[in-house]
Every structure is written in structure tokens, then in C-alpha cells.
Amino acid sequence: MHADVLVVGGGTGGVAAALGALRAGRSVILTEEYDWLGGQLTSQAVPPDEHTWIEQFGATASYRALREGIRDYYRRNFPLTAAARGRRDLNPGAGWVSRLCHEPRVSVAVIDEMLAPYRGSGRLTVLQPYRPVSADTDGDRVEAVTLAHRDTGERVTATAAYILDGTETGELLPLTGTEYVTGFEARGDTGEPSAPENAQPSNMQAVSYCFALDHVDGDHTIDRPANYTHWAGYQPPFWGAPLLSWKAPHPRTLELVERGFTPNPGDDPAEVIADQRVSGGDMNLWTFRRIAARDNFVPGAYASDITLVNWPMIDYLESPVIDVPDADAHLAAAKELSFSLLYWMQTQAPRADGGTGFPGLRLRGDVTGSRDGLAQAPYHRESRRIRAEYTVVEQDLSLDVRGGKGSVNYADSVGIGMYRIDLHPSTGGDNYIDVPSSPFEIPLGALIPRRTENLIPAGKNIGTTHITNGCYRLHPVEWNIGEVAGLLAAHCVEQGLTPRAVRNSPDRLEAFQRLLTAHGVELRWPDISGY
């Protein structure tokens, strides 16, 4: 198969990359190994993690269209109350982590709507479920990628002028021989205040299998997981409490705090204002990542709220799952941890009334679209990362380092983003690293490998460090990266250029930045402060 642009990996960045190239007039092959396109938003079931100003600015026009498409989909198809339907800033789940907590299947539908005209015209071919298994290279160019069907093993070889890696873990980097790094870089190499003295390539953020729950009458207790005894007694050395408990370190202070858990609290969805500048919102676990607030819908439509479990208790710390020989075994163990947390909540978790267990908690695999009840895909917070023309480091954007100066302004900015440097506990035994950040830019140099000419990262695999990945990995930033990757590939095909040539010529760079602006990509922040 052949197209102008091949996007391998249909996650949040991969979808945006395909849309960018398609809007620029190119033909695209988009591949994805899971049943849903959308990655973080859908198959991983993670409500969007976004910054304070997302409703006003700080995202591309197409990402804003996605967000408004989600709200419009609810208004068109769901039995909302009149009050909820009338809210311009409708938050279907009334969760505290985001102003747009919603069910992942809605993102799937809206993404399909956004791609529909290109599928209909024949300019977009979607290969699903396919994963990359090998690549052919010629010197510094990638000639072809071979993909295998997840279930049947059938193989397809795809060629394109530009290959975009939109996989969750940078799968094309080792397959193509593109130089990359994993885990912690050494402080001597990056100068980062939060980096260790020595590089730790196997020290990566925990992976998690998220899942959706509601709480209804009856006993919905799952079978006791085979390894439950292990997880019920498991306590990371730095944690201060058993992992399966309501107690955990506060991400910003590392103080041991106890979270609350009250299913269906009956709070007013209109009073929930998600603003992570003020609070992370995770002190009440039920409402933290709630994706359906039943009081947003007419009485009887929802028997219960639905909440999404992406909590510290399911962070799998035993091993990385990238570049290890037993990755599948560790992913299976991560699933076992998630099931063990659910079983603990159903049978042993302390309740506010002095009792134990919440047998009414019901696993909602129908919400996540999976047979086993968990999310279809693991939530990878960290990827392989290219050795890039430019690597974003902590001192480029740390509020502690930069102070009132704001983040570094890059001459080659191709987008903007904002999030605290938010690193979950890691496989090397590190607790949270949570550093205030300045609103930042995305440098084009971080999207260009030092050697490979026609491979472009389209997600968490850009030139960040382990530390700065903590704020470049979130939904709107990943979308911005992917969209720019797609537009860059299309531009290079049209102009007969390489990404390196675009970046290294002031005139060509300016022309590309004008193109991005015309497509609704914001390159600079207004004058605001970080948090």
C-alpha cells in the first residue's frame, strides 16, 4: 500500500497527524492496533488532562473543534437536563480533573466524524487493528513499514514519502534504527535540577490499566484475583502506606494524605469548576475523574454516576514495559493490580460509616469497550524519545528556574502547551516529581531526529527528557504535536523539502509557521503566569 503520508499509531497524536496531512491535501494511511482510534482519549480511557485556560486559548483550532464536537454530541444524542444542555461549558462528567470529563465512546464517535469525509473521498485508509513489526531503511531514510493484524497475523507493507510515529511507546524508533533514549537522563547531560547524577534508562513512569465504575444496588464483586494476596500486602518503600488503601502521598508535597471515596455524592454538577491551578482535585476519588454525572441527565437515564479509575493505586511500579524481554508479563501484572484494587474496594475498603467494602461497585467494560472490563490499552505516560535536533529540558520551562521570565521562546515554535511537570512514581523507586511550570512552546527541533530524514514523531516520542515529558505528554499538547507532524510532512511533500531544511532556513521556517497559523495552530502564549 502507498500514500503520501503513513501514520503508524492512531492515538491522540496520530489522529491529529492524519487530520493535519489530510487537510493539507495529502493522502494518508493511518494504522492503529486497538479497536478505537484516539489513544489517551479513548482506548486508554483517560479523561483529558488540560490547563486552566483551555476554554479560551492554548490549543489548536482543531483540538477546540474536537472539544466542542464532544459537547455537541452530548447535546444531540443524550438525555441531558435542560440546565445541562444550556451550559456553554458543559462538563458531562462534572469531574475535577478536566472541564470536559466524558465517556470515551463519545470521543470515538467525534473522531470518526472528523475523519469521515476523508474516508469517503478515499484519501484516508485506516488499517485497524494493525501493529508495526518491521521496517525497511535505506541509509537515513525509512522506505517501508510492515504491519501485522493483531488477531490474524496477516501482514501488510506500507510505503510513503513520510513516516509518522504516532505509537504510544515510539515503536518505530527501534524498528527503523532511529536513535532514541528512555528513562532518566543524567544531570550532567541535561543540567536539569530534578535529574539524577547518572542516567537511568530503565527508570520510567508507571504504566496503568484504567477502568470505569458505577455504584448500583446488588453485589457485583468480581472473582478474587489470583495474585490478590501479593497486591493486598504490597507497599512501595517510599509510599508510606499499602498501595491498596485510601492513603497515598500528595503529588505536590509528598505528604501522606487520605483520599475520600463516596459513590454518588449528589453534588451539583454546575458547581464543579475544574482548575488545576487551584487544586489537583483528587482528594475525593469518586468525583476526581467522574465521566458521567447522573444529575446532568434526566431522572432515570443513569442509575449511577460513572467514574474513571486512574488513581495512584493502579500505577504499576515493578518494571518498565519498554525494551524489556518480558513486557507482556508485566502488562498482565498491571492488569492484575487494577483488578486487585477493584476487589479490595468491593470487599475490604473502609467506608465512612465504619463498615468495609462497596459490593455495589460495578465494573463497566461496556464503557471502555473491552471484554475484560478494563481499558482496551494500557496508559503509557512515557515513551521512547528521539535524540532530537533540540531537546526540551526542565530549565526551559520550570517556574522555579525561570521565575517571572516565562518559558524559553523558541524561534522555531510550532505550538504551545501548559501543564505542571507531573511525573508519577517510577519503576526505579522514585516518588512523584511535581514541578510548577511556565506556559511553554513546542520547538520544531524537538520533532526532528538527528539523523533519520523522513521519520517524524507524532506524540510523546519527541525530543523531551524524562522530566519535561511530564508536561508535554498531555492530551492537547500531544494533539498539537501530532497535528504539526502531519502538516510538516504534507508541506515537505509539496515543497520537496526535508524537515531539517525547513527548520534550518529562516525563510522556510517563517513560511511553515505562517502555514501553521493559517491552520489555527497557536505559536505564542499571551502574557500569563504559570502555576
Side-chain angles (χ1 to χ4, degrees), residues 40 46 48-54 58 97-98 181-187 189-196 199-200 203-208 238 249-255 275-282 310 312 315 379-383 385 388 390-410 413 415-443 446 459-478 480-481 525 528-531:
Q40 291 190 75
V46 181
D49 287 293
E50 299 171 329
H51 58 74
T52 292
W53 306 282
I54 194 69
V97 75
S98 169
V181 297
T182 60
F184 260 121
E185 293 86 351
R187 186 180 305 163
D189 294 333
T190 66
E192 294 176 301
S194 301
Q200 300 172 6
N203 190 359
M204 305 180 203
Q205 288 192 74
V207 69
S208 301
F238 56 85
H250 189 286
R252 299 185 185 181
T253 67
L254 302 186
E255 174 191 5
D275 187 349
Q276 294 199 23
R277 176 176 46 181
V278 178
S279 167
D282 64 339
N310 177 19
D315 286 358
Y379 178 27
H380 290 283
R381 297 178 176 87
E382 189 168 341
S383 173
R385 303 180 298 279
Y390 184 85
T391 300
V392 179
V393 293
E394 180 181 2
Q395 53 271 32
D396 283 3
L397 60 146
S398 164
L399 198 62
D400 294 340
V401 175
R402 299 288 299 174
K405 295 183 292 185
S407 67
V408 170
N409 291 125
Y410 305 114
S413 174
I416 57 177
M418 174 60 200
Y419 210 72
R420 288 174 68 94
I421 297 175
D422 171 19
L423 297 175
H424 277 235
S426 70
T427 58
D430 292 294
N431 211 326
Y432 290 101
I433 297 175
D434 195 291
V435 178
S437 171
S438 301
F440 54 82
E441 298 172 359
I442 304 167
K460 295 186 286 287
N461 48 355
I462 65 167
T464 57
T465 64
H466 172 83
I467 293 170
T468 56
N469 163 74
C471 58
Y472 276 74
R473 66 181 173 85
L474 288 313
H475 303 65
V477 185
E478 183 181 345
N480 193 148
I481 291 165
W525 279 95
I528 53 176
S529 299
Y531 55 88

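All figures in this text were calculated on a predicted structure; none of them were measured in a lab.
Taken from OH in Tyr390 to OH in Tyr410, the straight-line distance is 4.5 Å, to the nearest 0.5 Å. Note that CG of Asp434 and CG of Leu254 are 8.5 Å apart. Values are rounded to the nearest 0.5 Å. The distance from the CD atom of Glu192 to the CD1 atom of Ile421 is 8.0 Å, given to the nearest 0.5 Å. Note: Glu394 CD to Glu185 CD = 11.5 Å, rounded to the nearest 0.5 Å. Note that the OG atom of Ser438 and the CG atom of Leu397 stand 6.5 Å from one another [nearest 0.5 Å]. Ile481 contributes atom CD1, which lies 5.0 Å from atom CD1 of Ile442 (distance to the nearest 0.5 angstrom).
Side-chain contact of Arg385 with Thr465: a donor-acceptor pair under 3.5 Å is absent, judged by distance alone. Judged purely by distance below 3.5 Å, without hydrogens or angles, the side chains of Ser383 and Asn461 never pair a donor atom with an acceptor atom. A donor-acceptor contact closer than 3.5 angstrom links the side chains of Tyr419 and Asp49.
In terms of heavy-atom proximity, Ala199 sits nearest to Ala186 at N-CB, 3.4 Å. For Gly415 against Asn480, the heavy-atom pair with the smallest separation is CA-OD1, 3.4 Å. Considering all non-hydrogen atoms of both residues, Asp400 and Pro436 come closest at OD2-CD, 4.0 Å. Nearest heavy-atom pair across Trp53 and Met418 is CZ3-CG, 3.9 Å. When all heavy atoms are compared, the tightest approach of Pro48 to Ser98 is O-CB, 2.8 Å. Heavy-atom minimum distance, Ala446 versus Val392: CB-CG2, 4.4 Å.
Not one N or O on the side chain of Ser413 forms a donor-acceptor pair closer than 3.5 Å with the backbone of Glu441. The closest donor-acceptor contact from the side chain of Gln200 to the backbone of Gly428 lies at 3.5 Å or more, if one exists at all. The closest donor-acceptor contact from the side chain of Gln395 to the backbone of Thr190 lies under 3.5 Å.
With contacts defined as side-chain heavy-atom distances shorter than 4.5 Å, the pair Val46/His475 qualifies. Annotation: side chain of Gln205 is in contact with side chain of His466 (closest heavy-atom distance under 4.5 Å). Between Asn203 and Asp430, the closest side-chain pair of non-hydrogen atoms falls below 4.5 Å. Within the 4.5 Å cutoff, side-chain heavy atoms of Asp315 are placed close to those of Arg381. By the 4.5 Å heavy-atom criterion applied to side chains, Arg473 and Glu382 are not counted as neighbours. Side-chain atoms of Pro425 and Phe238, non-hydrogen and from C-beta on, do get closer than 4.5 Å to each other. Looking at heavy atoms from C-beta onward, Pro439 lies out of side-chain contact with Ile416 at the 4.5 angstrom threshold. You'll find the side chain of His51 stays beyond 4.5 Å of the side chain of Leu474, heavy atoms only.
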### Query
So Thr52 and Asp275, side chain to side chain donor-acceptor pair (under 3.5 Å) or not? Walk me through it.
CA-CA 5 Å; Thr52 292; Asp275 187 349; 2.7 Å; yes

### Message
Walk me through whether Arg252 and Arg420 qualify under side-chain contact (heavy atoms from CB on, under 4.5 Å).
### Response
CA-CA 10 Å; Arg252 299 185 185 181; Arg420 288 174 68 94; 3.4 Å; yes

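Classified by interplanar angle (parallel below 30°, tilted 30° to 60°, perpendicular above 60°), the ring pair Tyr472/Phe440 is parallel.
Electrostatic pairing of Lys460 and Glu478 counts as a salt bridge here, judged by a charged N lying under 4.0 Å from a carboxylate O.
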